[in-house]
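Below: the structure, in structure tokens.
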2 protein chains.
Amino acid sequence: MVDAPRNTRQRRAVVAILEDLDGFASAQEIHDILKRRGESVGLSTVYRSLQVLADAAEVDALRNDDGEVLYRQCSAGHHHHLVCRSCGRTVEIEGPSVERWADKIADENGFRDVAHTLEIFGTCSSCPA
Amino acid sequence: MVDAPRNTRQRRAVVAILEDLDGFASAQEIHDILKRRGESVGLSTVYRSLQVLADAAEVDALRNDDGEVLYRQCSAGHHHHLVCRSCGRTVEIEGPSVERWADKIADENGFRDVAHTLEIFGTCSSCPA
DNA sequence: CACGATTTGACAACGGTTGTCATGACGATT
DNA sequence: AATCGTCATGACAACCGTTGTCAAATCGTG
Ligand SMILES: [Zn+2]
Ligand SMILES: [Zn+2]
Ligand SMILES: [Zn+2]
Ligand SMILES: [Zn+2]
């Protein structure tokens, strides 16, 4: 049994931001938002908090084209994302048939410990071209 | 009309490596292979060559979990990959129904300039657990 | 050849992320 | 409420893949 993490002001602040945001955001963006709100939290702490949350599967993480990791508090269960490249706005999507297809392909080729990444990127209707 | 790139020893060497490899490899791995073969090419040049090839869609590029960009000379046309996390061995896969599904989802949600990433990662049958 | 334009490569710089470690905060226990 | 061991924090440096710089080398055209 692992000790529960301590309930610190900083961790609460990061979680609060994630609850407010509806899209994906980078660690640095979250750090900036905290600073703007006056609830300053060290950048290292933001990174660590997000890591812990991601390891516990409390937030989803994905990489954008630039290689930055983006985080978002999603609903539970396996799903994928339709993400606006510009503002981060996100729609959770499910594709049961895709899941089955991916597993079948991997199995047919003798691959073990299989995982898949599937994200759709675009520009949302409220963002300029 | 853009000028054709020059036919230099270095560019030829990088292309030759890509032709030999059957899996994805990082710029640094390719650089190491070249050094081992005695056909040394500067690291910057390897990066630049791969960029040019990727821009011209002559090689595919994807990011692994660690954020490194991996390159591979693939067959033409849109496809996805089943990649061994351990040795890079790769199977090209196609999923027409997935393509249609992704476009439909994006359209239904009013997203423009849509692209998608879909990769399957696992351990291939010739790699240890 | 000779020449101009492109490419190369050693090196520095960049940007996101992770490591370090002295300081401070949490919370279980008195 | 005060004590105390432990964990978390944050300023800073280090890391690592990648990109920028620019003088020198190379290409290929004439
Ligand atoms: Zn899935
Ligand atoms: Zn948007
Ligand atoms: Zn393998
Ligand atoms: Zn596709």
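A, B, ... follow the sequence lines: proteins, then strands. Residue 1 opens every chain.
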**Asked** Can we call the ring centroids of B:His81 and B:Phe24 under 6.0 Å apart?
**Response** yes
**Message:** Between the opening five pairs and the closing five pairs of the helix from C:dC1-D:dG30 to C:dT30-D:dA1, how far apart are the helix axes, to 10°?
**Reply:** 30°
Please state how far atom [atom1] in [X] lies from atom [atom2] in [N], giving the value in whole angstrom units.
X       : N      : atom1 : atom2 : result
A:Arg63 : D:dT18 : CZ    : P     : 10 Å
A:Asp65 : D:dT19 : CG    : P     : 13 Å
A:Tyr47 : D:dA11 : OH    : C1'   : 15 Å
B:Glu29 : D:dC16 : CD    : P     : 15 Å
A:Glu68 : D:dG17 : CD    : P     : 18 Å
A:Leu50 : D:dG10 : CG    : C1'   : 15 Å
A:Leu43 : D:dA13 : CG    : P     : 15 Å
B:Leu62 : D:dG17 : CG    : P     : 16 Å

**Complete:** 5' to 3', nucleotides 22-30 of chain D under a 4.0 Å protein heavy-atom cut-off (B base, S sugar-phosphate only, - none) gives ----BBS--
**Prompt:** With nearest nucleotides of DNA chain C determined for A:Gln51 and B:Val41 from heavy-atom distances, which residue corresponds to the more 5′ nucleotide?
**Reply:** B:Val41
**Asked** After noting the C-alpha distance and the side-chain angles of A:His80 and B:His116, does the key distance pass the ring-ring contact (aromatic ring centres under 6.0 Å, His included) rule?
**Response** CA-CA 11 Å; A:His80 300 270; B:His116 62 267; over 10 Å; no
**Request:** Anything under 4.0 Å to a heavy atom of chain A counts; send over the first and last such nucleotide of DNA chain C, read 5' to 3'.
**Result:** C:dG16 to C:dG27
**B:Ser26 backbone acceptor or donor facing B:Glu29 side chain under 3.5 Å** = yes
**Item:** Backbone of B:Leu70 reached by a side-chain donor or acceptor of B:Arg63 within 3.5 Å
**Value:** no
**B:Arg72 and B:Glu92 ion-paired at < 4.0 Å** = yes
**Request:** Mind checking the CG-CD spacing from A:Asp60 to A:Glu119? Nearest 0.5 Å is all I need.
**Result:** 8.0 Å
**Request:** Look up atom OH in B:Tyr47 and atom CD1 in B:Ile30, then write down how far apart they are to the nearest 0.5 Å.
**Result:** 10.0 Å
**Item:** Shortest non-hydrogen contact from B:Ala25 toward B:Leu21
**Value:** CB-CD1, 3.7 Å
**Asked** Are the side chains of A:Ser125 and B:Phe111 in touch, meaning some heavy atoms are under 4.5 Å apart?
**Response** no
**Request:** Could you walk me through whether A:Thr123 and A:Arg85 pass side chain to side chain donor-acceptor pair (under 3.5 Å), step by step?
**Result:** CA-CA 6 Å; A:Thr123 307; A:Arg85 267 186 290 257; 4.5 Å; no
**Request:** Kindly determine whether A:Asp20 and A:Arg37 satisfy salt bridge (charged side-chain N to carboxylate O under 4.0 Å, His left out), including the steps that lead there.
**Result:** CA-CA 13 Å; A:Asp20 280 9; A:Arg37 291 200 188 174; 3.0 Å; yes
